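Reading through the structure tokens given below for one structure.
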Amino acid sequence: MDFKKRMPPLSVTEREALAAGDVWWEKELFSGQPQWQHLLAMPVSQLTSEEESFLKNQVETLCNMIDDWQIVYHEHDLPKAVWDYLKKERFFGLVIPKQYGGLGFSALAHSTVVVKIASRSVSVAINTMVPNSLGPGELLLHYGTQQQKSYYLPRLASGEEIPCFGLTEPRAGSDAGSLTDSGIVCHGEYQGKQVLGIRLSWEKRYITLAPIATVLGIAFHLYDPDHLLSTKEDIGITLSLIPTNHKGVEIGNRHLPSYLAFMNGPTRGKDVFIPMEWIIGGVEMAGQGWRMLMECLSIGRAISLPALSTACGKMTFRMTGAYAQLRKQFNMPIAQFEGVEEALANMAGYTYLLEACRLLTVSAIDQKIKPATASAIAKYQMTELARKVISHAMDIHGGHAVQVGPRNYLAHAHLSTPISITVEGANILTRNMIIFGQGAIRCHPYILQEIELINGPAVSSQGLRRILFSHAGYLIKNIFRSFYYGLTAGKLISVSISGPTARYYRQLTRMSTALALLADSLMLILGGKLKRKECISARLADILSELYLASAALKYAQQHHHAKEDLTYLSWCIPMCLYNIQTACEGLFANFPWPWLGKILSWLIFPWGRSYKKPKDNLAQHMVKIMTVPSEFRDRLTCYAYTNTDAAKKLEAALSQVAAIDPIWKKFQSAMRDGKVKKWRNVEEQMQEALKQNILTASEVNALCEYDKLITEIIKVDEFSFDLRKVV
Ligand SMILES: Cc1cc2nc3c(=O)[nH]c(=O)nc-3n(C[C@H](O)[C@H](O)[C@H](O)COP(=O)(O)OP(=O)(O)OC[C@H]3O[C@@H](n4cnc5c(N)ncnc54)[C@H](O)[C@@H]3O)c2cc1C
């Protein structure tokens, strides 16, 4: 077999992407034999008292200052007071170390701050999160020269400088590595002197914060045709910082992403001369830009969008659970109708997965790991889960969610979903190409070594043979294991974990082995062509990412000592992940490049047919019961969601009365049914009638009237005069 032909050739950008970041828990999931004790022993980040205090005080104050309706529909910007507060309290320096005037927060604190702000306003959250995410601050921290750090970091932390980072071009979006903006090394004038520098031209679009940025981070391709730096002509992707008041920098227009109010726009420049020292990291880092971006992406991607997505889960879980319990149709809370219950249960399960995945992934960052594949999984899976959650929330609220206005707490989250889906690696690309494409090569015990040996300058046939033998042994082991696990339905797998969750670990081990076997078989058959067989790659990515989500849920439940509610939620989440894995496997079997092999593998892995079923309907009832009444678990899962809005306060107030009001309401309803109280009267008259006839006591009537007023307020939607700016 010509292995060189079968092995995927790696481009320079792919090589750099693969070298960036670390492999972590994903590698175990890929191995076929995950060591679950390693997962359970991983440290979980905790907020420090300083971080807790910042969330309780500064972030709460910020959220109290926000009127999202005003921001989005009237001002299209944050009020000056909000910008000033963000700067004064160093929200733009969350990750900048204290020595440079930042807050020096952990990844967990960074993520939690974004969660809380986003649960109030996505526009404010995005404006806040971008300076803390992939961009000048983070790049300077990791690669800046001491001089650049000392100059910029304190100014960024205090908000004196507002950064943005431009990578995307009109013709280079997902394929950012093919960017065409270019710089030529040359001599030019800077501050009245002739210096070595770069003549740079660019056209970037979609750049967050560009319209108000004072410093522009920019990625471009650097060339040195006159060999002023070295003998190399094509130096490669390079990152630089340019003050936006520098001559030739064009900035200031705005895009309007999903009509939200965060700052986003294009920037252009033609033959702008910049000195060499503006390259991030100085001239030694010229040409290193792609690696720098990929490394920072593996951190940023694990924090910002997962935090936005979790905020969506937490906020909608809390508000929708309460609304569905309070909103009655056909004389029953809508939460009790099976159709709504199913949608609520989905929301509940997804929110559990969101929070679990957020915590597991940021904990890795806090351990100084740059989890490249896990962060791509988190970005893709969590933004998709948020999309599902908000869709269900919209459906459950019916017209109440559709009618926009200051009272509507869902519309902006709904509008923002496509943004999260698109940025930091659009989701189709991330699922179909990145997760498995990079994950397989990074996580597989042998593939990377094989590629390196085969594509290396001198192929050592002895070394290659040794690796290929080990690889073959690994494949054979996985064939036998898969069959044995399938025959015994995974029940005899030893996982060194006991208790109510042991069965989940066994099934996940079984599916991890299936992934290892399927991945190897497909890589063997398709070799480098697997890159183009994106639907195959996507299904393998689904298996890996569902294993990751399930691991996160198990870790979260363990952290909370397997409380009763956690076990209920796990009994929904894990079967759902296993079911999704099975669906992905079926997709693979049905589309195997060699159909007969697809059939054999299907029989090997699932000898008794389908093994996993979706969670049962009656489980939805238990999930929803937990979601729709005030409880410690509800508070824990939604912790750090901002609840000081008018709508949230009314929902909470009404929800806390349901248990007391329900029996009174039932008594009153039964009197109506018996004809003791006339239906054609208005509610107040009906109550007085019930009082007169001793059906209800005065305090019961009072309580019912107050409750009814609250419900009337809760279900109200905004009305506008024809001049849409006036709320009436
Ligand atoms: C609101 C917003 C803020 C942004 N902020 C910034 C910023 O601050 N800085 C910056 O540099 N950029 C920013 N971006 C750009 C963002 O990163 C790009 O939009 C993103 O990379 C996708 O590029 P594109 O929109 O051109 O889509 P395209 O590249 O045109 O992709 C279109 C679709 O094709 C899919 N696709 C493309 N190639 C493949 C493939 N090989 N396999 C499968 N599917 C594929 C994509 O997944 C997508 O669904 C922002 C974008 C938005 C919308």
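The basis for the numbers below is simple: all heavy atoms, side chains too, and nothing from hydrogens, waters or symmetry mates. When a ligand or atom number is given, it counts from 1 through the structure's own listing order. This one's a predicted model, so the numbers in the text were calculated from it and none came from an experiment.
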Could you walk me through whether His110 and Asn132 pass the side-chain hydrogen bond (donor to acceptor under 3.5 Å, both in side chains) test, one step at a time?
-> CA-CA 8 Å; His110 174 190; Asn132 289 294; 4.9 Å; no
Quick check on contacts: which atoms of ligand 1 are under 4.0 angstrom from a heavy atom of [X]?
X	result
Pro257	1 (C)
Thr422	19 (O), 20 (C)
Phe262	1 (C)
Ile207	7 (C), 8 (O), 9 (N), 10 (C), 11 (O)

Relative to each other, are the rings of Phe91 and Tyr85 parallel, tilted or perpendicular (30° and 60° limits)?
-> tilted
Mind checking whether Tyr259 and Tyr73 have parallel, tilted or perpendicular rings, split at 30° and 60°?
-> tilted
Distance to 0.1 Å, residue and atom name: give those for the protein heavy atom nearest to [atom].
atom	result
atom 5 (N) of ligand 1	Tyr206 O, 2.8 Å
atom 9 (N) of ligand 1	Phe165 O, 2.9 Å
atom 17 (O) of ligand 1	Thr168 OG1, 3.7 Å
atom 49 (O) of ligand 1	Ile428 CD1, 3.8 Å
atom 33 (C) of ligand 1	Ser174 OG, 5.0 Å
atom 2 (C) of ligand 1	Val423 CG1, 3.5 Å
atom 48 (C) of ligand 1	Ala426 CB, 3.8 Å
atom 24 (P) of ligand 1	Gly173 CA, 4.0 Å

Quick one: which of Ile419, Val124, Ile71, Thr128 gives a side-chain contact (heavy atoms from CB on, under 4.5 Å) with Phe262?
-> Ile419
Do Ser111 and Arg358 meet the criterion of a side-chain donor-acceptor pair at a distance under 3.5 Å?
-> yes
Can a donor-acceptor pair be found between the side chains of Trp83 and Asn127 at a distance below 3.5 Å?
-> no
What part of Glu534, side chain from CB on, backbone N/CA/C/O, both or neither, has a heavy atom under 4.0 Å from ligand 1?
-> side chain
If you measure from each non-hydrogen atom of Asn264 to ligand 1, which part falls under 4.0 Å: side chain, backbone, both or neither?
-> side chain
Do Asp542 and Arg431 meet the salt-bridge criterion of a basic N to acidic O distance under 4.0 Å?
-> yes
In terms of side-chain geometry, is the basic nitrogen of Glu295 or Arg291 positioned less than 4.0 Å from the acidic oxygen of its partner?
-> yes
Note: heavy atom closest to atom 39 (C) of ligand 1, options Leu256, Leu429, Ile434, belongs to Leu429
For [atom], state whether the nearest protein heavy atom is under 4.0 Å away.
atom	result
atom 11 (O) of ligand 1	yes
atom 46 (C) of ligand 1	yes
atom 7 (C) of ligand 1	yes
atom 30 (O) of ligand 1	no

Where the side chain of [X] meets the backbone of [Y], is there a donor-acceptor pair that is under 3.5 Å apart?
X	Y	result
Ser258	Leu415	yes
Asp271	Arg199	no
His255	Asn264	no
Thr244	Thr214	yes

Counting both backbone and side chain atoms, is some N or O of [X] under 3.5 Å from an N or O of ligand 1?
X	answer
Leu167	yes
Thr208	yes
Asn427	no

Please test Tyr642 against Ser121 for side-chain hydrogen bond (donor to acceptor under 3.5 Å, both in side chains), starting from the C-alpha separation and ending with a verdict.
-> CA-CA 10 Å; Tyr642 178 72; Ser121 162; over 6 Å; no
